[in-house]
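First up is the structure itself, then whatever we jot down about it.
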Number of protein chains: 2
Amino acid sequence: MSTRIADSVRERIEQMIVTGDFADGERLDEVKLAEQFGVSRTPLREAFQSLAASGLLTLKAHRGAFIRHPDFVELVEMFEVMAEIEAMCGFRAARHVTESQMTAIGVTIEACEAAIAEGDFDEYYRENETFHHLLYEASGNRFLAREAARLHKRLKPYRRLQLRANGRMLQSMREHRAVFAALKRSDSKAAAATLRLHVAIQGERFNDLMASYRQLAALKTG
Amino acid sequence: MSTRIADSVRERIEQMIVTGDFADGERLDEVKLAEQFGVSRTPLREAFQSLAASGLLTLKAHRGAFIRHPDFVELVEMFEVMAEIEAMCGFRAARHVTESQMTAIGVTIEACEAAIAEGDFDEYYRENETFHHLLYEASGNRFLAREAARLHKRLKPYRRLQLRANGRMLQSMREHRAVFAALKRSDSKAAAATLRLHVAIQGERFNDLMASYRQLAALKTG
DNA sequence: TTCAATCTTTTTGTATACAAGAGGTTTGAC
DNA sequence: GTCAAACCTCTTGTATACAAAAAGATTGAA
């Protein structure tokens, strides 16, 4: 692994942001954080830039780094794009997925089911992540896979909240199986359509997300 | 405008990369470039990070910044994703585009035609850029618009070469008009399909791009 | 009292100095 | 002659010092 201070600082700050340690619009104090982490400003500023590139921070010239939580509208917009990207992955995967990839996807589905049976939310969450990443890879388009993973990561905190919603885990599970089935019979359109719905925010899921978002927003201002 | 040295350095290096001043895999020497630009290593390293985030450079820990031109496969993959993103923009724009946006798009199309009539390639190119950016905005999804613009920018050097191909300008022009017409009658599917084909690389355009790519590759090793 | 201008303070941006890792080279042993 | 190990050099990573810009406070006048 990398021994760079800047990288580990980046990860720590990212974790803090995602956890909700900072209020929206809050300015991150370079010297204070540097002191807190026991490092100089140099690697810290590097981390800031990296985080800004990921969209977690906004850098204003001569003003500093500011927390930029997406507002609800932007969040919905992001999920909308994610839905389309996942659909594209699914569409392509139905044609390009290899046997070993299908096996791997099958394994994660089994693991998801086991996790649900045991009520192990965290485990389900991890396997869910794996399922999606395998799907991205299976698209056969490595650039697409990278972009999908990037956006997926960016939406992580919000998806997590969303998944906790009532009955969402089982529903999600069913959709995974449907995708798997579509891939098995090389049905591009079905795979795409299922994934689009799987990710898209609509109907009651809209309300679920909104509730989660408010929860997070409340956390923030505390 | 920003008075930050790091930003202007970033732009200059980006320009150099896009122009093809560096060979693929080449390492960018911090001290040499810093000297060349008359700045210290600090803003230069900032620029490196920013460029790495954009995918133009690869940073290897304790090794430095390396030029990372996409290979031909990756290039095709990127255009494939771009096609889908543009299609999504078009699909949504057909429903969300405002009157003033339609007017603006109409203006760029006129300007494109005028440029073709005068054989002014650069002018056509600029108006073509505008057309696409207006389309992104018209999608009504600001996150999507940003992502589309990002990828569009990334593909800039390759698209430019591609456009020079024989008869491509007129063909492109026709497609723009078709998109405009589809938007006018709120035909989401037609707008999406037209744009997908407009951007996608297929048939003879595949060969055009490959030829351009080889040209660029030849430049690089020089 | 209020407004404005200047000065002060605070914070970011840049330069430089220093540390440490990676790669190559030389030297020594077998 | 070949291989390996230590050393040297070159480059990157980090810390600190310095410069400059922005925000805030203070003082003065109207």
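So you know, we letter chains A, B, ... as the sequences are listed, proteins then strands, and number each from 1. The analysis underlying the following values was restricted to heavy atoms, covering all of them including side chains, and did not include hydrogens, waters or symmetry mates.
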Using a distance-only test with no angle check, is there a side-chain donor-acceptor pair under 3.5 angstrom linking B/T98 and B/Q101? yes

Taking protein heavy atoms under 4.0 Å as touching, what does nucleotides 17-22 of chain C look like 5' to 3' if B marks base contact, S marks sugar-phosphate-only contact and - marks none? B---SS

Give a yes or no on whether a salt bridge exists between B/E46 and B/R41, defined as a side-chain N under 4.0 angstrom from a carboxylate O. no

Whole-Å distance separating the CD atom of A/E46 from the C1' atom of D/dA15: 13 Å

Quick one: is C/dT14 close enough that its OP1 or OP2 comes under 4.0 Å of any side-chain N or O from B/S40? no

Side-chain N or O of B/R4 closer than 4.0 Å to phosphate OP1/OP2 of C/dT12: no

Within the side chain of B/E14, is there an N or O that forms a donor-acceptor pair under 3.5 Å with the backbone of B/E11? no

Between A/A6 and B/R27, which residue's closest nucleotide on DNA chain D lies nearer the 5′ terminus? B/R27

Take the protein atom NZ of A/K60 and the nucleotide atom P of D/dA22, then report the distance between them rounded to whole Å. 14 Å

I'd like to know if A/E84 pairs up with A/R196 as an ion pair, taking the criterion as any Lys NZ or Arg NE/NH1/NH2 lying under 4.0 Å from an Asp or Glu carboxylate oxygen. yes

For B/E129, is there an ion pair with B/R126 - N to carboxylate O distance below 4.0 angstrom? no

For the pair made of CZ in B/F37 and C1' in C/dA15, what is the distance, rounded to whole Å? 17 Å

Send over the distance from A/L44 CG to C/dT14 P, rounded to a whole Å. 16 Å

Any chance the rings of A/Y136 and A/H152 have centres within less than 6.0 Å? yes

Residue B/V39, side-chain heavy atoms: nucleotide from D/dT12, D/dA15, C/dA15 that is nearest: C/dA15

Starting at atom CZ of B/R10, determine the distance to atom C1' of C/dG13, rounded to an integer number of angstrom. 18 Å

Tell me: CD of A/Q49 to P of D/dG13, nearest whole Å? 14 Å

Given salt bridge (charged side-chain N to carboxylate O under 4.0 Å, His left out), test A/R142 with A/E137 step by step and report yes or no. CA-CA 7 Å; A/R142 294 177 58 167; A/E137 292 300 326; 5.9 Å; no

Phosphate-side-chain proximity, B/T42 and C/dT14, N/O vs OP1/OP2 below 4.0 Å: no

Could you tell me how far apart A/E30 (CD) and C/dG13 (P) are, to the nearest whole angstrom? 7 Å

note: A/E26, atom CD; C/dT11, atom P; distance rounded to Å ~ 14 Å

